Amino acid sequence: MGGDGTTVRPSFVLHDHRRPTHHLDLRLEEDGVLRSWALPRGLPGRAGDRRLAVAVPDHDLDHLAYEDDDKSVADTGWWEEHSRDERRLVLTLHGRGAPRRYALVRTSRDWLLLLTTQQP
């Protein structure tokens, strides 16, 4: 809860990053930083599609609105967690369009981002 009794929702940003090669960056606000993953092939478009998600170092919260010549904000909003364990995080992104539910799944080397079959 916020100081005024309102619910504080953690933010997210999806950056369209054009260098060194075109990819998206997913950043989730958590514990005062932005947990971050590079998505070389972008977001999954259909339920069951899997996209590689490479964990990258956390970013400062000022990256929520950060843009430069190589990076622009593709989407932004808030996110909610549905479940989590050491290998899987299920979340919904509430951005500019319709909410979308994803699962981040840890593999032996990286992460996979999946669009879940059950959508909000």
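Small disclaimer: the values here were computed from a predicted structure and weren't measured.
- The backbone N or O of Arg87 sits less than 3.5 Å from a side-chain atom of Asp85, completing a donor-acceptor pair.
- Residues passing the salt bridge (Lys or Arg N to Asp or Glu O under 4.0 Å) test with Asp75: none are found, sequence neighbours excluded.
- Residues Val105, Leu114 make up the rest of the hydrophobic cluster containing Leu112, defined by ILVMFWY side-chain heavy atoms closer than 4.5 Å, directly or through other members.
- Considering every non-hydrogen atom in both Ser36 and Pro57, the closest pair reads CB-O, 3.7 Å.
- Other residues sharing the hydrophobic cluster of Leu93, ordered by chain and number and joined by side-chain separations under 4.5 Å: Phe12, Leu14, Leu24, Leu26, Leu28, Trp37, Leu39, Leu43, Trp79, Leu89, Leu91, Tyr102, Leu104, Trp111, Leu113, Leu115.
- For Arg101, the side-chain hydrogen bond (donor to acceptor under 3.5 Å, both in side chains) test picks out His82, Thr92, with sequence neighbours left out.
- Applying the salt bridge (Lys or Arg N to Asp or Glu O under 4.0 Å) test to Arg96 and every residue at least two apart in sequence or in another chain returns nothing.
- For Arg35, the salt bridge (Lys or Arg N to Asp or Glu O under 4.0 Å) partners are Glu30, Asp31, Asp58, not counting sequence neighbours.
- For Trp78, the ring-ring contact (aromatic ring centres under 6.0 Å, His included) partners two or more places apart in sequence, or in a different chain, are His94.
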Please step through side-chain contact (heavy atoms from CB on, under 4.5 Å) for the pair Gln119 and Arg100, ending with a clear verdict. CA-CA 6 Å; Gln119 289 295 307; Arg100 302 289 276 178; 4.0 Å; yes
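- Side chains of His23 and Asp16: a donor-acceptor N/O pair is absent below 3.5 angstrom, by distance only.
- The shortest side-chain heavy-atom distance between His15 and Arg27 falls under the 4.5 Å cut-off.
- By the side-chain hydrogen bond (donor to acceptor under 3.5 Å, both in side chains) test, Ser72 is found to be paired with Arg18, residues two or more places apart in sequence or in another chain being considered.
- By the ring-ring contact (aromatic ring centres under 6.0 Å, His included) test, His59 pairs with His63, sequence neighbours left out.
- At most 12 heavy atoms of other shown residues, nucleotides or ligands fall within 6.0 angstrom of atom CG in Asp69.
- Considering only residues two or more places apart in sequence or on other chains, Asp68 meets the side-chain contact (heavy atoms from CB on, under 4.5 Å) condition with Tyr66, Asp70, Lys71.
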Could you list the donor-acceptor pairs under 3.5 angstrom formed between side-chain atoms of residues 44-54 and any protein atom two or more places apart in sequence or on another chain?
residue : atom : partner : partner atom : Å
Arg46   : NH2  : Asp49   : OD1          : 3.4
Asp49   : OD2  : Arg46   : N            : 3.2
Arg51   : NE   : Arg41   : O            : 3.4

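- Grouping Ile, Leu, Val, Met, Phe, Trp and Tyr by side-chain contacts under 4.5 Å, direct or through others, puts Val13 with Leu34, Leu61, Leu64, Val73.
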